[in-house]
Amino acid sequence: MDELRLPLRPEAAPETGSISSRATLPLLAGYWAFGQYWGVWVILVFDFQRSHQMSDSRLGFMYMALSLTAVVAMLLLAPRLQPLPLSFSVPISLVALGVGSFAIGYLPTSAIAAGFILVGLGNGLIDVYLNVAAQRVEVATKRPVLQWLHASYALGGVTGAAVAGLLLMAHIDFRLGLLFATLALLVTATWNLRTAPQERGPEGSATAFSVSALKRTPALWVPAITVLFAFLVEGSMDTWSGLYLRDQLGATAGMTAIVFVAFSAAIFLGRMFAGKVLFGLGPRSTILIAGVGSAIGGLVAVTTDSAVVVGAAFLLLGFTISAAAPAGFSLTEDIDEDPTNAIAAVTTVGYTGFIWSPPLLGYVAQTVDLRAAMGVIVIATLGIVGAGLLAPRTRPSSAGADRS
């Protein structure tokens with residue numbers, strides 16, 4: 001559930017000489033632990049659901065509570081914490097998700113909603129503060145730290161799914177997988193406590209989240225729609241693909257882990273390599289390729305009963321969808337609007353997909369089946385294609401490749 005890049009206001013950038021490059025690796029480790037939580041979760045959610053006798057529709061509402069909390073954290077809490085040093089806000093963000101992971105694993109059914117709310121809080125804060133910290137280090141070191149950061153999230157999906165799959169294959173209690181994710185988050189939080197930038201944000205540096213830019217600048221709706229559907233597809237894969245494989249197709253825990261590892265690995269490769277290749281074609285072509293490729297991959301995945309074929313389809317889906325949101329953000333470069341306001345508005349619209357899509361998919365899964373719910377995800381890829389057709393023809397962008 002990642003994908004957020006928050007540019008700092010120009011006046012908020014600290015003196016670059018005071019930021020050490022030693023902060024890079026801990027930040028990457030933190031985002032890896034973030035992705036690892038979701039890699040663990042997507043494999044274990046089937047066992048979690050059975051343990052709590054939770055219906056698909058109720059699970060969908062739990063996801064909605066999680067996403068709503070994340071957005072509220074981004075809109076209201078994060079700006080108020082912005083003046084504090086990142087050596088505080090980065091670790092506390094990781095700790096929040098770690099506590100949420102533990103809570104989801106060990107709280108009783110009657111209190112399980114609190115675990116989802118804590119996970120949402122951690123997601124929202126991580127998406128703000130680790131991106132802000134990475135951007136500061138990128139400015140200081142002149143290295144593509146943001147690109148590495150989001151690639152590390154996908155790598156976390158690989159390791160998390162692999163660990164969870166091995167635990168289930170060994171018939172170990174699924175809750176230990178969530179405990180493992182908690183420990184990884186707490187260890188990386190401690191590491192960042194020692195290495196994250198110590199500078200306080202200047203007065204007035206609070207991150208601005210507002211959709212008012214969409215009213216002032218209607219051209220922002222095209223990148224906003226692109227990011228909305230890209231976030232919806234990637235976020236839905238993190239939460240529903242494991243259930244689809246295990247419940248709908250009857251795949252084993254091991255096979256499910258292998259398939260999600262393939263999907264996450266494809267996103268990782270896309271983050272590291274595809275962006276540079278596709279962005280040479282320009283944002284419009286990149287969005288179209290991402291939309292068509294992910295639509296084909298998704299369509300194959302929902303029309304087969306073979307887990308192996310689904311795995312191959314997820315490879316295509318992951319590799320192509322990885323470039324969609326970065327290309328959408330890059331469209332804002334040629335729009336006459338303050339960059340911070342533009343990115344904030346586009347991101348806010350994108351995150352609304354995480355609020356309304358979970359109950360929708362849960363309702364479809366409950367009333368029809370999980371295949372139909374996955375079909376909704378395929379329809380979302382067509383929204384990316386439509387946005388690509390509406391996108392202006394602009395020059396190829398190399399700078400946009402960093403927004404991954």
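Every heavy atom of this structure was used, including side-chain atoms; hydrogens, water molecules and symmetry mates were not.
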Residue pair Leu249 / Tyr244, side-chain heavy-atom distance below 4.5 Å: yes
Look only at the side chain of Ser67 and the backbone of Met64, and say whether a donor-acceptor pair between them is shorter than 3.5 Å. no
Roughly how far, to the nearest 0.5 Å, is the CG atom of Leu179 from the CG atom of Asp173? 10.0 Å
Indicate the atoms forming the closest heavy-atom contact of Leu107 with Ala114, along with that distance. CD1-CB, 4.2 Å
Determine which pairs satisfy side chain to side chain donor-acceptor pair (under 3.5 Å) with at least one residue from residues 298-314, sequence neighbours left out, and list them in order. Asp305-Arg371
With a 4.5 Å heavy-atom cut-off, do Thr24 and Trp148 have their side chains touching? yes
For the residue pair Val95 and Ala189, what are the closest heavy atoms and their distance? CG2-CB, 3.8 Å
With a 4.5 Å heavy-atom cut-off, do Ile321 and Val233 have their side chains touching? yes
Distance in Å, Phe263 CZ paired with Leu245 CG, rounded so as to fall on 0.5 Å steps: 11.5 Å
Val346 and Leu228: CA distance, side-chain angles, deciding distance, side chain to side chain contact (heavy atoms under 4.5 Å, CB included) verdict: CA-CA 8 Å; Val346 168; Leu228 167 65; over 6 Å; no
Give the intermediate values and the outcome of side chain to side chain contact (heavy atoms under 4.5 Å, CB included) for residues Leu25 and Trp191. CA-CA 10 Å; Leu25 191 56; Trp191 193 3; 3.6 Å; yes
Indicate the atoms forming the closest heavy-atom contact of Gly328 with Thr226, along with that distance. CA-CG2, 3.9 Å
Looking only at atom types and distance, does a side-chain atom of Gln36 sit under 3.5 Å from a main-chain N or O of Gly157, one as donor and one as acceptor? no
Indicate yes or no for a side-chain donor-acceptor contact from Tyr37 to the backbone of Leu97 under 3.5 Å, with no hydrogens or angles considered. no
Is it true that Phe48 and Trp41 have ring centroids separated by less than 6.0 Å? yes
Does anything in residues 107-121 form a side chain to side chain donor-acceptor pair (under 3.5 Å)? List the pairs, not counting sequence neighbours. His52-Thr109
With distance as the sole criterion, is a donor-acceptor pair present between the side chains of Trp240 and Asp247 under 3.5 Å? no
Output yes when a side-chain donor or acceptor of Asp369 lies under 3.5 Å from a complementary backbone atom of Ala372, and no otherwise. yes
Please round to the nearest 0.5 Å and tell me the distance separating atom CD1 of Ile112 and atom CD1 of Ile117. 11.0 Å
Verify whether one side chain among Trp32 and Thr159 offers a donor that lies under 3.5 Å from an acceptor in the other. yes
Judged by atom type as modelled, is there a donor-acceptor pair below 3.5 Å linking the side chain of Ser57 to the main-chain atoms of Gln366? no
Nearest heavy atoms of Thr286 and Ala327, plus distance in Å: CG2-CB, 3.7 Å
Would Val378 and Thr381 satisfy side chain to side chain contact (heavy atoms under 4.5 Å, CB included), going step by step from the backbone distance to the final call? CA-CA 5 Å; Val378 177; Thr381 65; 4.2 Å; yes
Asn192 side chain to Pro26 backbone, donor-acceptor under 3.5 Å: yes
Does Thr217 use its side chain to pair, donor to acceptor, with the backbone of Leu214 at less than 3.5 Å? no
Donor-acceptor under 3.5 Å (Arg246 side chain, Phe46 main chain): no
Does any non-hydrogen side-chain atom of Leu331 lie less than 4.5 Å from one of Val222? yes
Could you tell me whether the side chain of Ser264 and the main chain of Val261 form a donor-acceptor pair under 3.5 Å? no
Show your reasoning for whether side chain to side chain contact (heavy atoms under 4.5 Å, CB included) applies to Val364 and Leu370. CA-CA 7 Å; Val364 172; Leu370 282 162; over 6 Å; no
Suppose the criterion is side chain to side chain donor-acceptor pair (under 3.5 Å): which pairs have a residue in residues 91-104, not counting sequence neighbours? Ser101-Thr182
Enter the distance from Ile92:CD1 to Ile126:CD1 here, rounded to the nearest 0.5 Å. 11.0 Å
Strictly distance-based, threshold 3.5 Å: is any side-chain N or O of Tyr63 a donor or acceptor partner for the main-chain N or O of Leu361? no
Identify the heavy atoms of Pro91 and Ser87 that sit nearest to each other, and give their distance. CG-O, 3.1 Å
side-chain contact (heavy atoms from CB on, under 4.5 Å), paired with Leu121, selected from Leu77, Leu66, Val72: Leu77
Side-chain heavy atoms of Val45 within contact of Thr239, under 4.5 Å: no
Nearest heavy-atom neighbours spanning Ala96 and Gly122: CB-CA, 3.8 Å
Does any non-hydrogen side-chain atom of Trp38 lie less than 4.5 Å from one of Asn123? yes
So does Arg175 pair up with Asp47, basic N to acidic O under 4.0 Å? no
About how many Å separate CD1 of Ile377 and CG of Leu382, when rounded to the nearest 0.5 Å? 12.5 Å
Straight-line distance of Ile267 CD1 to Thr320 OG1, nearest 0.5 Å: 9.0 Å
When the ring planes of Phe34 and Tyr31 are compared, do they come out parallel, tilted or perpendicular, using 30° and 60° as the limits? perpendicular
